[in-house]
**Q** 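Provided herewith is a single structure, encoded as structure tokens, for subsequent inquiry.
By convention in this document, chain letters (A, B, ...) are assigned in the order of the sequence lines, proteins followed by strands, and residues within each chain are numbered from 1. Scope of the values below: all heavy atoms of this structure, side chains included, with no hydrogens, waters or symmetry mates. Predicted model only: the values in this text are computed from it and were never measured.
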Protein chains: 2
Amino acid sequence: MKNRNQQIRNQQARTRRSERRTDALSKERIVEAAIDILDADGENALTFRALAARLSTGSGAIYWHVADKNELLTAATDAIIGRVVTDVAADAGPDQAIRAFALGLFDAIDAHPWVGTHLFREPWQAAMLEIFEAIGGRLQALGVPEEALFNAGSALVNYILGVAGQNAANARLLPQGTDRSAALGAVAASWTELDPARYPFVHHLATKLSDHDDREQFLAGIDLILAGIGTIGRTDRGS
Amino acid sequence: MKNRNQQIRNQQARTRRSERRTDALSKERIVEAAIDILDADGENALTFRALAARLSTGSGAIYWHVADKNELLTAATDAIIGRVVTDVAADAGPDQAIRAFALGLFDAIDAHPWVGTHLFREPWQAAMLEIFEAIGGRLQALGVPEEALFNAGSALVNYILGVAGQNAANARLLPQGTDRSAALGAVAASWTELDPARYPFVHHLATKLSDHDDREQFLAGIDLILAGIGTIGRTDRGS
DNA sequence: ACCTGAACACCGTTCAAGT
DNA sequence: ACCTGAACACCGTTCAAGT
């Protein structure tokens, strides 16, 4: 792709130049500004016009550094996920490391819900590979048998992605500083109005919804899957 | 031209106006046409202009029956999920029923990938409640203890949603009748170019990617989570 | 009650023109 | 090399006007 050549050229030019000019446009500054907008005002607020205004330039200038909106979101996502990967690098046993990494991912996506959306936009992007590597490597260390590795890693990653996507949806529904418990209460109330004969389980959920903790529940799901993975090798290792 | 005759016939039909006329606009017909467009040409092809053209009307006419695009997609999603729920109604043991329902969901979303996208757009929509009820009810029947029900159901649903979202992303990437195995091969090849010291697990995946089956892997994940859920009650029931 | 289609506000993206 | 900003092609949605 010619865009890659352009990027390389840009980088060479940038290092050649003296990089003390703080107000010079660069991919990093653009991505940084994009993250700020996404965090402050949500996914819909990120437009090239808003971005150009914030950077005091024209929208065309942004296209010199970034191919399109997708590349912009990919770079922003990579930045967030990258931090998680490096932050949780060193840790104790592999199962604890998986839990810690998953929690780090949860917290990052909770703080930047738009990441949850973008992880679904482009499959097999760099961020996804980082996630797979972080989890899969630790499953190997955990002693998961060769043939089960792909399925086990895929189960964990897909579960994490599902939660991430739901978090993003909730953030879109309850923007800024909406009263979360009031909103949850309203949802639960609407569930109790459904036919109890057809929706008994949803009625049960309605009673639990208000005092459940998303983060705790996320971790419980991770533990459930890890427990399931633990049953794979049981015949091998006995007990 | 036969167009003139058609126009006259339409006008007569309109003045006659018995409401079982097939060409009368209705929410059902609109949703049906929307599903056709989504299935045939993908998520981006569904615009009010395209929909109006296919229904031989103005875009404003659609707004008389449907509030906005979100309601349209929600109705389309409900239609697809509703079929799955009723199709898998009767079945054997609760764990087999969960597997059957999950597989039905997988197949439906595989056939209509845009459903996977929309399930993330609006949280707690009707389709989501159907899914929760179908799975949660069977977890109850399975004997999962009261306190673990919410977490267990949430783990299964989030996993299913994660897979659904990935499927939708893949469908977006490989539209129509792209050569799937060639595309997978290209992805795997790109992975082998990564630094093996930093990405050992991704390298391992690259060797497995070509001959893995999405549906099988999906079911393996369901079984993993069910196995994990099975470990919850172990102390209660002994063995 | 229901339909028509032009118009509005807003996007992502391009590009001739500037420095 | 890099930036400017008008212009283009397209959206979802609205609305005065028709039947």
**Q** Rounded to the Å, how far apart are A:F48 CZ and C:dT14 P?
**A** 10 Å

**Q** Do any side-chain nitrogens or oxygens of B:H65 fall under 4.0 Å of OP1 or OP2 in C:dA1?
**A**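 Result: no.
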
**Q** Please report the distance, rounded to the nearest Å, between CD in B:E71 and P in D:dG12.
**A** 15 Å

**Q** Return the value, rounded to whole Å, for the distance between atom CG of A:L55 and atom P of D:dC3.
**A** 10 Å

**Q** What is the distance, rounded to the nearest whole Å, between atom OH of B:Y63 and atom P of D:dA17?
**A** 21 Å

**Q** With DNA chain D as reference, determine whether A:A61 or A:R49 sits nearer its 5' end, using the nearest nucleotide of each.
**A**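 Per heavy-atom nearest nucleotide, the more 5' residue is A:A61.
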
**Q** At 4.0 Å (heavy atoms only), tell me whether A:L46 reaches a base, stays on the sugar-phosphate, or touches nothing.
**A**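 Contact class for A:L46: sugar-phosphate only.
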
**Q** Side chain of B:D68 only, heavy atoms from C-beta on: which candidate in D:dT13, C:dC11, D:dC3 is closest?
**A**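 Output: D:dT13.
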
**Q** Would you confirm whether A:H203, through its side chain, and A:L194, through its main-chain N or O, come within 3.5 Å as a donor-acceptor pair?
**A**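 Yes; at least one donor-acceptor contact below 3.5 Å.
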
**Q** Paired with C:dC11 by Watson-Crick or G-U wobble geometry, both distances under 3.5 Å: which nucleotide is it?
**A** none

**Q** So does B:W64 get a side-chain nitrogen or oxygen closer than 4.0 Å to the phosphate oxygens (OP1/OP2) of C:dC3?
**A** no

**Q** Tell me which nucleotide among D:dG5, C:dC3, C:dG12 gets nearest to the side chain of A:S59.
**A** D:dG5

**Q** How many angstroms lie between NE2 in B:H118 and CG in B:N70, if you round to the nearest 0.5 Å?
**A**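 Atom-to-atom, B:H118:NE2 and B:N70:CG are 5.0 Å apart.
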
**Q** Return the orientation label for the B:F132 and B:F150 ring planes: parallel under 30°, perpendicular over 60°, tilted otherwise.
**A** perpendicular

**Q** To the nearest Å, give me how far apart CG (A:N70) and C1' (C:dT13) are.
**A** 14 Å

**Q** Within this structure, what is the CD1-to-C1' distance between A:I30 and C:dG12, rounded to whole angstrom?
**A** 15 Å

**Q** C:dC2 P sits how many Å from B:K27 NZ, rounded?
**A** 14 Å

**Q** Can you check whether A:M128 reaches A:L161 side chain to side chain, under 4.5 Å on heavy atoms?
**A**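 Sidechains of A:L161 and A:M128: in contact.
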
**Q** Any strand counts, and the cut-off is 3.5 Å on both contacts for Watson-Crick or G-U wobble. Which nucleotide pairs with C:dC2?
**A** D:dG18

**Q** Specify the separation, in whole Å, of atom CD1 of B:I62 and atom P of C:dC3.
**A** 10 Å

**Q** Without swapping roles, check the side chain of A:E133 against the backbone of B:V202 for a donor-acceptor pair under 3.5 Å.
**A** yes

